[in-house]
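Worksheet for the structure shown next.
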Amino acid sequence: MKNSEKHLFSCMQIVFIILSLLCFTTRVKANFNKKVSGFYVFGDSTVDPGNNNYIETLFKSNFQPYGKDFDDQVPTGRFTNGKLATDFIASYVGVKKELLPAYLDPKVINNVNELMTGVSFASAGSGFDPLTPSISSVIPIPNQLEYLRECKMKLEKVIGKEGTENHMKKAVFFMSAGTNDFALNYFTLPVRRNSYSLLGYQQFLIQRVKEFLQELLAEGAQKIAIAGVPPMGCLPFMITINSPNAFSQRNCIERFSSAAKDYNQLLQHELNTMQFHLNSSNSPVKIYYIDIYEPLANMVQSHKKYGFEDINSGCCGSGYIEAAILCNKGCNVCPDPSKYMFWDSIHPTEKAYHNLFLAFKSTVDCIVNN
């Protein structure tokens, strides 16, 4: 080899080494600066991507026409035509997944890479009141917390106890529940109404929320988001069973939405109180309230602005009562779900969930950048 060729070869080697070091440094820096290590979700059908597929319950949606707008129209167990708000959050915060998977999915439950970046422990039909999940034989919230503990143990085997603790500190934890406690439990069955006034029941639920948060804090969570409940009187199912004429009078039922608003105010007060005490003890923990009431109320009141033509019935079947097994492949489905605010008689469409995500994206930014 000539001297000029040797010199050129040596220069190429040096350039290759420098580029390799730069790439390695960039990767390390990217991992070091990553603000969200994982995304973990608890709650009900608004955030359940399919955990109920793997338990004995009638509250399932792993059949058509659910999932209509996914590739190949494959139903996943999400109670909508496509993505949930938590799917949009997972994609946005950069945990390397477009869809947040269900913890009980056999492909996920022992997959450390999936567990590391985030999963949902939520179960459709669940709630803060212990009676609520028993009505439909779904996963209670204390059991969802137990799944988190299982998840942590699996991570510890790979990244160690200290690594798992650091991972939890940088993860975001999201809770969405409460609607079933009112809609399926308190306002539908007499058991709780015989023991609690509406205010008393709301306070009972707030105490359960507080207990959940205390247990979550004990697991090392430092970034927590708690969603309120929607304007329940605007759910097509609630209109159908409470309207004087379910066919001709399909306005929102104000007393149910008012109960939701009052509960949300109590919830915000409790979260503010908890945050005050955490700040007083110099705790790094931040708890955020996620408002879903106002964005959904706005979609109802200004539906044309959002491109919705129907806001008081679902896309599936008649849209008045169909949900879960009543919304099945034998039902007629609207040709364009994006024109509907609700997919079935209870759950929003993917478009409505995306609008929700956009509405509280600024809060997500605060959580991530804190």
Would Tyr353 end up clustered with Val300 when hydrophobic side chains under 4.5 Å apart are linked, directly or stepwise?
yes

Residue pair Arg149, Glu215: steps toward the salt bridge (Lys or Arg N to Asp or Glu O under 4.0 Å) verdict:
CA-CA 11 Å; Arg149 296 184 186 103; Glu215 291 201 49; 2.7 Å; yes

Can you confirm if the aromatic rings of Phe256 and Phe182 lie within a centre distance of less than 6.0 Å?
no

Where is the tightest heavy-atom contact between Asn370 and Lys286, given as atom of each residue plus distance?
ND2-CG, 3.5 Å

Could you check, using the six-membered ring where one of them is a Trp, whether Phe212 and Phe42 have ring centers closer than 6.0 angstrom?
yes

More than 12 heavy atoms of other residues, nucleotides or ligands under 6.0 Å from CG of Leu189: is that the case?
yes

Donor-acceptor contact present, side-chain Ser123 to main-chain Ser126, <3.5 Å:
no

Short side-chain donor-acceptor distance under 3.5 Å, Asp344 and Tyr66:
yes

On a heavy-atom basis, the closest approach of Leu296 and Pro231 is CB-CD, 3.8 Å

Connected via hydrophobic side-chain network under 4.5 Å: Val368 and Met168
yes

Less than 2.5 Å separating the SG atoms of Cys334 and Cys315?
yes

Let me know which of Val138, Asp181, Leu205 forms a side chain to side chain contact (heavy atoms under 4.5 Å, CB included) with Thr132.
Asp181

Cationic tip of Arg250 within the cone over Tyr320's six-membered ring, i.e. under 6.0 Å and within 45° of the normal?
yes

Would you say Thr349's side chain and Ser338's backbone share a donor-acceptor pair under 3.5 angstrom?
no

Answer yes or no: is there a donor N or O on one side and an acceptor on the other, between the side chain of Asn185 and the main chain of Asn180, under 3.5 Å?
no

Side-chain H-bond candidate by donor/acceptor type, Asn264 with Gln268, under 3.5 Å
no

Atom NZ of Lys154: over 12 foreign heavy atoms under 6.0 Å:
yes

Do you know which two heavy atoms are closest between Leu58 and Ala324, and how far apart they sit?
O-CB, 4.1 Å

Heavy atoms from other residues, nucleotides or ligands near CG of Asp365 exceed 12 (cutoff 6.0 Å)
yes

Side chains of Asp310 and Ser313: do they bring a donor and an acceptor to under 3.5 Å?
yes

Does a donor on one side chain and an acceptor on the other come within less than 3.5 Å for Asn245 and Ser243?
no

Joint hydrophobic cluster, Leu358 plus Ile292, side-chain heavy atoms closer than 4.5 Å:
yes

Set of residues satisfying disulfide (SG to SG under 2.5 Å) with respect to Cys331, sequence neighbours excluded
none

Any side-chain to backbone donor/acceptor pair from Tyr186 onto Tyr196? Under 3.5 Å, distance only.
yes

State whether the number of non-hydrogen atoms from other residues, nucleotides or ligands found under 6.0 Å of Glu56 atom CD is greater than 12.
no

Supply the atom-to-atom distance Leu131 CG to Arg192 CZ, rounded to the nearest 0.5 angstrom.
5.0 Å

Is it the case that Asn272 and Tyr289 place a side-chain donor and acceptor less than 3.5 Å from each other?
no

Please check if any side-chain donor atom of Arg78 sits under 3.5 Å from a side-chain acceptor atom of Thr80, or the reverse.
no

Please answer: with hydrophobic residues joined when any side-chain heavy atoms are less than 4.5 Å apart, are Tyr147 and Val158 in the same cluster?
yes

Is the Phe59 to Phe79 ring centre distance short of 6.0 Å?
no

Scanning both residues in full, the closest heavy-atom pair of Glu114 with Pro101 reads OE1-CG, 3.6 Å

Does a donor on one side chain sit under 3.5 Å from an acceptor on the other, for His347 and Thr46?
no

Between Leu148 and Glu219, does a side chain to side chain contact (heavy atoms under 4.5 Å, CB included) hold up when you go through it step by step?
CA-CA 8 Å; Leu148 172 65; Glu219 297 305 319; 4.1 Å; yes

Establish, yes or no, whether the cationic atom of Lys351 lies under 6.0 Å from the six-membered ring centre of Phe308 and within 45° of the ring axis.
yes

Mark yes when over 12 heavy atoms from residues, nucleotides or ligands other than Lys97 sit less than 6.0 Å from its NZ; otherwise mark no.
yes

Using a 6.0 Å cut-off, check whether atom CZ of Phe88 has over 12 heavy atoms from anything other than its own residue.
yes

Give, for atom CG of Leu155 and atom OG1 of Thr164, the distance between the pair rounded to the nearest 0.5 Å.
5.0 Å

Taking atom types as modelled and ignoring hydrogens, do the side chains of Lys35 and Asn369 form a donor-acceptor contact shorter than 3.5 angstrom?
yes

Taking the six-membered ring of Phe204 as reference, does the NZ or CZ atom of Arg208 fall below 6.0 Å from its centre and within a 45° cone about the axis?
yes

Among the clusters formed by ILVMFWY side chains lying less than 4.5 Å apart, do Ile346 and Tyr340 turn up in the same one?
no

Heavy-atom pair of closest approach, residues Ile287 and Gln275
N-OE1, 2.7 Å

Please find the pair of heavy atoms, one from Ala352 and one from Met299, that lie closest to each other, and give the distance.
O-CE, 3.6 Å

